[in-house]
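Presented below is the structure to which this report refers.
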Amino acid sequence: MRKKIVAGNWKMNNNKRETADLIQSLKSLSFSSEVRVMIAPAFTHLVQVEEMTQGSRLEVAAQNMNAAESGAFTGEVSASMLQSIGVKKVILGHSERRAYFNESDASLKDKVATALSYDMEIIFCFGEELAQRKDNTHFDVVKSQLSAALFELSPSAWSKIILAYEPVWAIGTGETASPEQAQEMHAYIRALIAEQYDQTLADAVSILYGGSVKPANASAIFSQTDVDGGLIGGAALKADDFSAIVQSA
Ligand code: PGA
């Protein structure tokens with residue numbers, strides 16, 4: 001059975017003190033053994049959060065990394081640097097990275113390969129923009145994002161992949177995909193994976209939904225058959241909201 005996963009993407013928020021306060025509150029959260037909870041703070045706070053969460057069930061993820069091993073890439077962070085501080089998970093392909101930092105399916109394919117070579121778990125984000133949903137091309141867009149970056153992976157590599165469907169029109173906008181829209185897309189994604197690999201592999205992959213998940217809508221979305229939890233932005237910055245979302249999983 002797939003475990004539910006609730007991951008908080010803090011984006012470029014929280015200074016050192018705010019990070020300590022939020023992690024301190026989250027550490028007292030008790031949640032089902034069927035749920036995994038992940039926190040993705042900024043690079044500057046990864047060491048702090050990694051240390052603070054030792055011995056707890058909170059898992060720590062980076063929000064990005066570079067595909068290269070090392071070298072002249074000013075401002076970037078490598079997989080080996082993350083590994084050296086104990087971070088074993090990374091979010092790749094977030095729509096903000098794609099939109100503001102020119103990340104393409106091809107560059108993401110390279111990042112995925114590097115992360116896997118370091119045995120890291122990857123939360124791979126993808127999803128259509130509003131115009132694409134209006135044009136009814138959202139299924140094609142998702143198919144091409146997934147096939148370009150992931151469909152050449154070996155079947156065994158998929159044990160390290162967590163998918164996060166995040167329709168761009170729902171991120172930070174307060175507009176959420178309806179539970180039915182989320183389920184429809186997640187079922188489509190699982191069918192694509194079954195077609196490309198097999199049903200057993202497709203059934204084992206966790207597919208998270210992201211985009212304006214709040215305490216009020218989390219259970220309706222998470223209770224859909226093919227929705228295995230969520231990637232949470234804004235609501236992950238408030239301990240009470242994030243805790244309520246975790247309890248809904
Ligand atoms: P949001 O962000 O919950 O603030 O919409 C989700 C995300 O960007 O992962």
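Counting starts at 1 for both ligands and their atoms, in listed order.
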How far is [atom] from its nearest protein heavy atom, and which residue and atom is that?
| atom | answer |
| --- | --- |
| atom 6 (C) of ligand 1 | G233 N, 3.5 Å |
| atom 7 (C) of ligand 1 | E166 OE2, 3.2 Å |
| atom 4 (O) of ligand 1 | G234 N, 2.8 Å |

(request) Please could you name the atoms of ligand 1 that G172 approaches to less than 4.0 Å, counting only its heavy atoms? (result) 1 (P), 4 (O), 5 (O)
Distance-only donor-acceptor hits, side chain of residues 198-207, under 3.5 Å, sequence neighbours excluded:
unit_1	atom_1	unit_2	atom_2	d
D198	OD1	T200	N	3.0
D198	OD1	L201	N	2.8
Q199	NE2	D203	OD1	3.0

Does ligand 1 have an atom under 4.0 Å from some heavy atom of [X]?
| X | answer |
| --- | --- |
| G211 | yes |
| H94 | yes |
| S95 | no |

(request) Could you walk me through whether Y165 and E128 pass side chain to side chain donor-acceptor pair (under 3.5 Å), step by step? (result) CA-CA 9 Å; Y165 168 60; E128 81 283 359; 2.8 Å; yes
(message) Can you check which of S212, A235, A7, G230 brings a heavy atom nearest to atom 1 (P) of ligand 1?
(response) S212
Could you pull out all donor-acceptor pairs under 3.5 Å where a side-chain atom in residues 20-28 meets a protein atom, sequence neighbours excluded?
unit_1	atom_1	unit_2	atom_2	d
S25	OG	D21	O	3.1
K27	NZ	M52	O	2.9
S28	OG	S25	O	2.8

(message) Counting C-beta onward and ignoring hydrogens, is there a side-chain heavy-atom pair between F101 and N64 closer than 4.5 Å?
(response) no
(request) Please tell me if the side chains of N9 and Q63 come closer than 4.5 Å, counting only heavy atoms from C-beta onward. (result) yes
